[in-house]
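This report refers to the structure that appears directly beneath it.
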Amino acid sequence: MGIVTNGAPEMQRTKMAALGIRQYVETVVFAGHDTPAKPNPEPFERALSELDSTSERTLHVGNSLETDVPGAKSAGIGTVWVPADRNETPEPTPDFAFETLHPLGEHPWRTP
């Protein structure tokens with residue numbers, strides 16, 4: 001698992017530490033610092049490279065229709081928009097839209 005963020009490195013490191021998630025993440029790309037900012041595809045491509053993965057095997061989960069969805073799509077990565085707003089017609093259109101992260105813990109997102 002990797003993180004691609006437009007947030008400032010120190011702020012994002014503090015958030016990851018507070019959430020206790022850093023141990024589950026193999027790479028963090030600080031877009032706008034390590035690479036051009038999202039929605040440029042380069043931070044997504046860098047994460048794929050560092051994870052030794054491909055766009056076909058990857059989904060990007062993001063909350064921004066302005067940066068996450070178009071950036072991941074331009075890198076050929078499937079997109080999940082969370083939290084989806086049922087009252088909004090998303091543009092660009094994500095591949096999947098969920099109101100919470102909970103559906104990502106269910107099949108087909110992972111195998112039993």
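Counting begins at 1 with the first residue of the sequence. These values consider heavy atoms only, across backbone and side chains, with no hydrogens, waters or symmetry-generated copies. What you see is a predicted model; the values in this text were computed from it and never measured.
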Can you run down the side chain to side chain donor-acceptor pair (under 3.5 Å) pairs that involve residues 42-51, sequence neighbours left out, and say none if there aren't any?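 Sorted result for residues 42-51: T27-E50, R46-E50.
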
Just verifying a value: how many Å separate [X] [atom1] and [Y] [atom2], rounded to the nearest 0.5 Å?
X: T58; Y: L51; atom1: OG1; atom2: CG; result: 7.0 Å
X: N63; Y: D68; atom1: CG; atom2: CG; result: 5.5 Å
X: K15; Y: T5; atom1: NZ; atom2: OG1; result: 7.0 Å
X: E56; Y: L48; atom1: CD; atom2: CG; result: 9.0 Å

Write down the atom of [X], the atom of [Y], and the distance for their closest heavy-atom approach.
X: T79; Y: L59; value: N-CD2, 4.0 Å
X: I77; Y: H60; value: CG2-N, 3.6 Å
X: G71; Y: F44; value: C-CE1, 3.3 Å
X: A75; Y: S55; value: O-CB, 3.7 Å
X: P92; Y: P70; value: CG-CD, 3.8 Å

Residues forming a side-chain hydrogen bond (donor to acceptor under 3.5 Å, both in side chains) with E26, sequence neighbours excluded: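 Once residues adjacent in sequence are excluded, E26 has no partner under the side-chain hydrogen bond (donor to acceptor under 3.5 Å, both in side chains) criterion.
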
Do F96 and L101 belong to the same hydrophobic cluster, where Ile, Leu, Val, Met, Phe, Trp and Tyr are linked whenever their side-chain heavy atoms lie under 4.5 Å apart, directly or via other members?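 Cluster IDs for F96 and L101 match.
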
Any chain of hydrophobic side-chain contacts (each under 4.5 Å) joining M1 to F30?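 The answer is yes; both residues are in one hydrophobic cluster.
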
Residues in salt bridge (Lys or Arg N to Asp or Glu O under 4.0 Å) with D95, at least two apart?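 Only K73 meet the salt bridge (Lys or Arg N to Asp or Glu O under 4.0 Å) criterion with D95.
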
Who pairs with E10 by side chain to side chain contact (heavy atoms under 4.5 Å, CB included), at least two apart in sequence or on another chain?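 For E10, the residues satisfying side chain to side chain contact (heavy atoms under 4.5 Å, CB included) (neighbours in sequence not counted) are R13.
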
Who are the side chain to side chain contact (heavy atoms under 4.5 Å, CB included) partners of T67, not counting sequence neighbours?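 For T67 the side chain to side chain contact (heavy atoms under 4.5 Å, CB included) partners, ignoring immediate neighbours, are N6, K38, P39, S64.
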
Does L65 sit in a hydrophobic cluster with other residues, and if so which ones, taking ILVMFWY side chains as linked at heavy-atom separations under 4.5 Å, directly or through other members?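 Other cluster members: V69, W81.
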
Could you please spell out the steps behind the side-chain contact (heavy atoms from CB on, under 4.5 Å) verdict for V28 and M16? CA-CA 10 Å; V28 179; M16 286 184 282; 3.9 Å; yes

